[in-house]
Amino acid sequence: MKLELIVKALNNLVPDAKWSLLGNDYADLVWLSEGYKPSVADLEKEIAAIPGKEAQAKAAADAKKAALLVKLGITADEAALLLS
Amino acid sequence: MAKQTFTTGQVLTAAQMTSLQQTAMGGGSTTAKTGSYTLVAADAGTVVQMNSASATTITVNTALFAAGDTVQIQNIGAGVCTITAGTATVSTSSTLSLQQYNGGMLFFNTTSAAFYFAAGGTGSILMAYATVNTSLSVSAGVETISITSPSFTAVAGRLYKITYYEPQLPLTQNANATTAAIRLTNTSGTKYQTSVANNASATAGFVENTHLVTITTLTAGSTVIVGTLNFAGLGQTAVRGSGQLAVLIIQDIGV
């Protein structure tokens, strides 16, 4: 499993849990919380869902941005100029 | 060769001359010891070489050596060898606790007062070090040991320089801090140094080359130093790898 994705999956599944992981092997995941510890299957399922969730989140943010630009009556370049 | 008392008219053999030459060149006959040892008069002019896997002592007593006598001390074993003042006094600006491959000269200024001159002078002595090349991920707000030194024997009154390096630490957005620290023993131990990086922007990033250094005395005895990490915000990863090592170094730098 890719380390970056494991961390994202853990953050998504149990954002308040306490844990540490040396390397990228599930066997090295030390669970410091009392509650639910995701299984390997849980993690793999969440990791598989991450690209879709991120694409969905980006599409939602892009749509929100586009709606705001329309409301303001300016282009994306003009908005960038204002923020520069 | 061990210190001799020469007499008028004595003829030295070739072997004695060779041995004297060796002693004059800083070497000489070597007495290997595998356990703690108390110096005797016959050690004058010789090399006492300790070789033990566990800690040992070399005890120095009075009225055995004349003013001007010397004894070379070496430790080639993994166990720390401590030169200990018995009934004599032993003074040094270095440490009397010899790590493996440390050594020096014990010089008797009087029959009861010796000075120990460490080989190589009073430069820093590596006490312990550790490296880690495996990335460490930690959930938010949990201070975690990221690197642990091997245990070493600290000596009271000595100054120790501790260096902790992390190649790449995460920095989450929106004022979430990343903290690295040097501590004694574990995450509850005395904190000697802290480095805090804070990111107020809305974009996550990295802190490159976090470098903590401190100078401190330590309580005498077996000691372990740790480097710890604490990430606010979300679970994050301290990135390490080949050629990208976390490093912890402890050096004895003198008195």
Side-chain angles (χ1 to χ4, degrees), chain A residues 1-40 42-51 53-58 60-62 64-65 68-69 76 79-84, chain B residues 130-149 164 166-174 176 178-181 183 186-188 200-207 226-248:
Chain A
M1 285 189 270
K2 197 176 173 192
L3 182 58
E4 183 189 344
L5 293 175
I6 297 174
V7 174
K8 276 186 182 177
L10 287 170
N11 287 337
N12 289 348
L13 289 170
V14 275
D16 298 327
K18 306 295 182 192
W19 49 266
S20 73
L21 174 64
L22 188 64
N24 58 0
D25 191 339
Y26 179 85
D28 295 325
L29 176 63
V30 178
W31 205 249
L32 305 171
S33 292
E34 293 291 320
Y36 160 70
K37 175 186 177 184
S39 64
V40 179
D42 294 337
L43 271 184
E44 285 174 346
K45 190 176 168 187
E46 182 60 27
I47 286 169
I50 284 174
K53 284 185 178 178
E54 287 186 344
Q56 204 173 7
K58 186 174 183 311
D62 287 346
K64 203 172 170 183
K65 199 186 297 179
L68 188 58
L69 289 174
L81 187 62
L82 282 174
L83 294 172
S84 64
Chain B
T131 61
V132 176
N133 64 5
T134 309
S135 294
L136 174 68
S137 305
V138 185
S139 57
V142 181
E143 185 174 359
T144 302
I145 293 174
S146 72
I147 190 165
T148 305
S149 77
Y164 170 32
E166 280 286 352
Q168 185 176 314
L169 295 176
L171 199 51
T172 48
Q173 66 273 36
N174 301 326
N176 285 315
T178 289
T179 307
R183 284 187 182 270
N186 54 37
T187 54
S188 304
S201 82
T203 307
F206 292 98
V207 189
V226 297
T228 71
L229 296 174
N230 193 348
F231 309 138
L234 288 169
Q236 296 290 316
T237 302
V239 178
R240 301 152 178 171
S242 176
Q244 201 175 6
L245 303 173
V247 180
L248 183 64

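Naming convention: chains lettered A, B, ... in sequence-line order (proteins, then strands); numbering from 1 in each chain.
Of the atoms belonging to A/L29, not a single heavy atom falls under 4.5 Å from chain B. Heavy-atom distances place both the backbone and the side chain of A/L22 under 4.5 Å from chain B.
Rounded to the nearest 0.5 Å, atoms CD1 (B/I147) and OG1 (B/T131) are 6.5 Å apart.
For the options B/A140, B/A238, B/S135, heavy-atom pairs under 4.5 Å to chain A are most numerous at B/S135. If you tally non-hydrogen atom pairs under 4.5 Å between each of B/L234, B/V239, B/V132, B/N133 and chain A, the highest count goes to B/L234.
Of the candidates B/L229, B/L136, B/V247, B/V207, B/E166 forms a side chain to side chain contact (heavy atoms under 4.5 Å, CB included) with just one, namely B/L229. B/E143 pairs in a side chain to side chain donor-acceptor pair (under 3.5 Å) with only one of the listed residues (B/T228, B/T179, B/N230, B/N186), which is B/T228.
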**Request:** Any chance you could lay out the side-chain contact (heavy atoms from CB on, under 4.5 Å) test for B/V142 and A/S20, step after step, and finish with the verdict?
**Result:** CA-CA 8 Å; B/V142 181; A/S20 73; over 6 Å; no
